[in-house]
Amino acid sequence: NAGAAASLGPVTLSVTGGRVLDADDNIETKGVVVSATVGILPGVTLDGDLLFFDETGLGGNFDDGVVGLVRLGVSF
């Protein structure tokens with residue numbers, strides 16, 4: 001796994017990637033997560049994550065797709 005992050009004013013961006021090899025079940029999974037956090041008001045953030053994944057398995061079986069998450073964070 002490897003990742004990088006940067007803050008640009010009220011915005012924080014990050015990218016993380018990883019690869020998992022399950023030798024017992026002969027499955028390989030790769031994924032990349034792109035995340036962002038934006039400060040809207042003091043103590044309020046809008047956060048979002050996107051996961052892009054690809055999984056290959058025995059006999060050519062595979063899954064791939066995109067999963068997204070949006071969150072409103074409040075600190076008090």
Side-chain angles (χ1 to χ4, degrees):
N1 294 339
S7 292
L8 308 167
V11 178
T12 301
L13 303 171
S14 66
V15 177
T16 305
R19 178 175 173 238
V20 177
L21 180 58
D22 182 349
D24 294 335
D25 295 326
N26 206 18
I27 296 173
E28 179 182 10
T29 304
K30 295 177 269 187
V32 174
V33 178
V34 179
S35 302
T37 299
V38 179
I40 299 173
L41 296 169
V44 180
T45 60
L46 181 62
D47 309 295
D49 302 299
L50 281 176
L51 164 64
F52 302 91
F53 67 92
D54 181 25
E55 182 179 275
T56 56
L58 186 64
N61 295 329
F62 64 92
D63 290 317
D64 60 357
V66 178
V67 177
L69 172 70
V70 176
R71 176 180 60 251
L72 182 65
V74 179
S75 301
F76 56 92

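Residues satisfying the side chain to side chain donor-acceptor pair (under 3.5 Å) test with D49, not counting sequence neighbours, are S35. For V70, the side chain to side chain contact (heavy atoms under 4.5 Å, CB included) criterion is met by L46, not counting sequence neighbours.
I40 places a side-chain heavy atom less than 4.5 Å from the side chain of L72. Taking 4.5 Å as the limit, some side-chain heavy atom of V66 sits within range of a side-chain heavy atom of L50. Within the 4.5 Å cutoff, side-chain heavy atoms of E28 are placed close to those of R19.
Between the CG atom in L13 and the CG atom in L8 there is a gap of 6.0 Å [rounded to 0.5 Å]. The distance from the CG atom of L21 to the NZ atom of K30 is 10.5 Å, given to the nearest 0.5 Å.
Put simply, V34 and L69 are part of two different groups of oily side chains (I, L, V, M, F, W, Y) that touch within less than 4.5 Å, one to the next.
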Apply side-chain contact (heavy atoms from CB on, under 4.5 Å) to residues D64 and F52 and explain how you reach the verdict.
CA-CA 8 Å; D64 60 357; F52 302 91; over 6 Å; no
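Every pair passing side-chain hydrogen bond (donor to acceptor under 3.5 Å, both in side chains) that includes a residue from residues 5-18 is listed here, sequence neighbours excluded: S7-T12.
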